Structures are given as structure tokens and as C-alpha cells.
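Beneath this line is the structure, given in C-alpha cells, with notes to follow.
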Amino acid sequence: MSRYVTFEIFRYDPEKDKEPYYQTYKVEIRRPGMLMLEGLNQIKWEQDPTLAFRRSCREGVCGSDGINVNGVNMLSCITKIEDLGTDHLVIQPLPGMPVMRDLVVDVTDFFEKFITVKPYLIRKSPTPDKEFYQSPEDRKKLDGLYECILCGCCSSSCPSYWADKNYLGPNAFLRAWRYLADSRDEGADERLPILNDKHGVWRCHTIYNCVEACPKELNPTKAIVEIRRMLMNRNY
Ligand code: FES
């Protein structure tokens with residue numbers, strides 16, 4: 001006998017809806033391990049083509065399909081419906097980001113904050129003849145940092161990010177630390193004043209929402225602690 005799960009989905013089209021509302025769909029579970037994204041596709045392709053949501057790679061790489069399911073941020077393409085442990089799923093756009101339509105949020109501000117921390121290697125000394133050498137030990141320090149796919153699940157889960165529109169947010173800090181921790185980088189003096197701002201790392205209240213929300217199991221809170229330590233060691 002077929003098994004169905006209820007998807008109660010946030011709907012809002014600013015061009016025709018006065019208010020957001022929730023619409024309920026029945027999704028048929030067609031295979032063990034069926035993913036949230038397959039459920040959303042089933043609705044869009046078989047029941048309601050007006051439903052808007054983002055997705056691209058379907059592999060947990062592009063970071064485009066962050067959504068909030070029963071209060072938890074996640075990527076729809078790597079989340080198994082059965083792992084959510086319930087037959088009633090309330091699906092919303094990522095919190096703290098402006099809704100463009102249905103589950104699609106405006107990530108402009110999120111990416112501007114990412115750019116603010118200069119997420120690239122900065123060099124001051126002369127370019128070497130060959131490669132910028134990095135020892136295996138120093139390379140290992142970047143594990144748990146470089147894997148970020150910019151899905152926004154961490155920043156969108158953070159109450160400080162919701163409350164302070166200028167707060168850079170856990171994603172920007174994780175990305176900043178990825179470069180500050182890189183033995184080839186010489187840009188600390190450019191980045192640290194930005195991070196030492198009142199909208200910077202000191203505004204984090206260490207509630208770990210970002211750690212729980214990250215679908216890649218990265219730790220933005222640890223990055224924030226490391227940046228604070230660097231600021232103190234350098235007497236900022
Ligand atoms: Fe690319 Fe999910 S569709 S990360």
C-alpha cells in the first residue's frame with residue numbers, strides 16, 4: 001500500500017498574494033531513502049507547477065536549496081524524508097532572509113557579507129618563482145573550513161543575524177577564518193578590523209545554532225572563537 005507524507009508549504013507570491021499562506025500537499029513515498037527534494041519535485045511536476053524553490057546540483061555541492069523543515073534548516077537534496085521522523089512536514093523558506101517567492105529567498109545581503117571579509121588569499125610579499133608552498137600540516141588546518149558551500153543555513157539560523165541587519169553572521173566568520181588560518185595568506189591586517197567591528201565577532205552569543213544547522217557539519221562558532229583569540233593576541 002502506498003505511503004504518503006504531508007508537505008505543508010509556505011506560499012507567497014508578492015505579485016498576487018496580500019499575505020503569505022500555507023498550502024498542503026500529499027507526497028507519495030516511492031522508494032526507501034527518498035529525499036526532500038524528490039518530494040518537492042513530485043509536487044511541482046505532478047501537482048502544482050506554480051511552487052517555487054531553488055535547486056541545482058542535487059548533490060549537496062551548489063548550496064542553492066537550503067530550506068527550513070519543522071524548524072530546522074537543511075538542504076533538501078541530501079535530507080531523507082524518513083530521517084525527519086514524522087509524516088507531517090512544515091516547510092518554510094530560510095528564516096531571516098527576505099522572501100522572493102515561496103521557498104526562494106533573496107541572498108544578496110548574505111553574499112555581500114561574504115564578500116566583506118575578503119574571501120580570497122591576500123599576498124604582500126613577492127610572488128615566488130614556483131608555487132606558494134604549504135606544508136601538509138598547514139594544509140590540514142583548513143579541513144573543516146574550505147568545505148563550506150555557501151548555502152546560508154548557518155547564518156539563517158542565527159538570532160543575532162535576524163536581529164542586527166549589519167551583523168556579518170556565522171558564514172562570513174567561517175569564511176574569514178578559512179583565509180586567516182591559511183599559512184599562505186598575508187591579509188590579516190585587512191580583515192581583522194572588519195571582524196572587530198560591533199557587527200563583527202563580538203556580537204555572537206555562542207548559542208551554537210549555526211553549528212547545528214550546517215549540513216556539512218562545519219563549526220562556525222569555533223571559527224569565531226579562533227578569530228577572537230587572534231584579535232586579542234594582536235591587541236586589537
Ligand atoms: Fe545543490 Fe542541494 S541542489 S546543494
Side-chain angles (χ1 to χ4, degrees), residues 5 7-13 23 25 27-86 89-115 117 119-120 142-158 161 169-175 177-178 209-220 223:
V5 169
F7 276 35
E8 186 179 343
I9 303 182
F10 177 99
R11 301 298 310 271
Y12 181 55
D13 181 346
Q23 191 160 355
Y25 305 89
V27 170
E28 185 182 10
I29 302 302
R30 294 179 179 163
R31 68 173 184 92
M34 185 170 144
L35 300 165
M36 281 299 299
L37 181 58
E38 292 176 85
L40 292 171
N41 284 338
Q42 190 183 118
I43 293 169
K44 187 166 181 78
W45 295 340
E46 300 175 21
Q47 301 182 42
D48 185 351
T50 70
L51 179 64
F53 54 92
R54 281 200 185 101
R55 81 284 192 211
S56 181
C57 70
R58 206 227 67 116
E59 297 290 342
V61 174
C62 74
S64 65
D65 62 329
I67 52 172
N68 182 281
V69 182
N70 289 355
V72 179
N73 290 351
M74 58 189 70
L75 293 179
S76 69
C77 69
I78 58 172
T79 302
K80 292 178 184 170
I81 294 173
E82 65 202 26
D83 287 349
L84 299 172
T86 172
L89 304 172
V90 179
I91 301 163
Q92 299 172 289
L94 288 180
M97 297 187 183
V99 175
M100 298 177 79
R101 188 173 143 190
D102 298 339
L103 301 177
V104 177
V105 291
D106 185 348
V107 290
T108 306
D109 179 69
F110 171 76
F111 276 95
E112 281 174 356
K113 286 169 176 167
F114 161 65
I115 296 297
V117 300
Y120 39 81
L142 307 181
D143 288 348
L145 301 172
Y146 76 88
E147 299 93 330
C148 172
I149 58 171
L150 288 167
C151 65
C153 287
C154 61
S155 291
S156 161
S157 73
C158 171
Y161 191 81
N171 176 266
F173 300 139
L174 181 89
R175 303 299 295 221
W177 184 244
R178 178 257 172 269
N209 275 17
C210 54
V211 180
E212 288 179 24
C214 178
K216 292 294 189 180
E217 300 183 357
L218 309 182
N219 192 332

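All of these numbers come straight from a predicted model, not from anything done at the bench. As the structure lists them, so they are numbered: ligands from 1, and atoms in each ligand from 1.
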Per-atom contacts of ligand 1 with [X], taking only distances under 4.0 Å to non-hydrogen atoms:
X: G60; result: 4 (S)
X: V61; result: 4 (S)
X: C62; result: 1 (Fe), 3 (S), 4 (S)
X: S56; result: 3 (S)
X: R58; result: 1 (Fe), 3 (S)

task: Report yes or no: do N73 and S157 form a side-chain donor-acceptor pair below 3.5 Å?
output: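 Note: N73 and S157 side chains miss the donor-acceptor criterion.
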query: Does ligand 1 have a heavy atom under 4.0 Å from the side chain of C57, from its backbone, from both, or from neither?
result: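 Both parts.
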Within reach of ligand 1, part of I78 (heavy-atom separation under 4.0 Å):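 Near ligand 1, I78 shows nothing, with every heavy atom at 4.0 Å or more.
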- prompt: Looking at E38 and R31, does any basic side-chain N land under 4.0 Å from a carboxylate oxygen?
  reply: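 Between R31 and E38 there is a salt bridge, with a charged N closer than 4.0 Å to a carboxylate O.
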Minimum side-chain heavy-atom gap [X]-[Y] below 4.5 Å:
X: L174; Y: C154; value: no
X: L84; Y: M36; value: yes
X: N219; Y: W177; value: no

- prompt: Is there a donor-acceptor pair closer than 3.5 Å between any side-chain N or O of K44 and the backbone N or O of L51?
  reply: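 Side chain of K44 to backbone of L51, a donor-acceptor pair under 3.5 Å: yes, one is there.
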message: Among all protein heavy atoms in this structure, tell me which lies nearest to atom 4 (S) of ligand 1, with the distance rounded to 0.1 Å.
response: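 Here the nearest protein heavy atom works out to G63 N, 3.1 Å.
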- request: Could you tell me whether any N, O or S atom belonging to C77 is less than 2.8 Å from atom 1 (Fe) of ligand 1?
  value: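 Checking atom 1 (Fe) of ligand 1 against C77, no N, O or S atom falls under 2.8 Å.
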- prompt: Which atom, among the N/O/S set of D65, is closest to atom 2 (Fe) of ligand 1?
  reply: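 For D65, the N, O or S atom at the smallest distance from atom 2 (Fe) of ligand 1 is OD1.
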message: Can you tell me which residue among L89, V69, T86, L37 is in a side-chain contact (heavy atoms from CB on, under 4.5 Å) with I81?
response: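 Among L89, V69, T86, L37, the one meeting side-chain contact (heavy atoms from CB on, under 4.5 Å) with I81 is L89.
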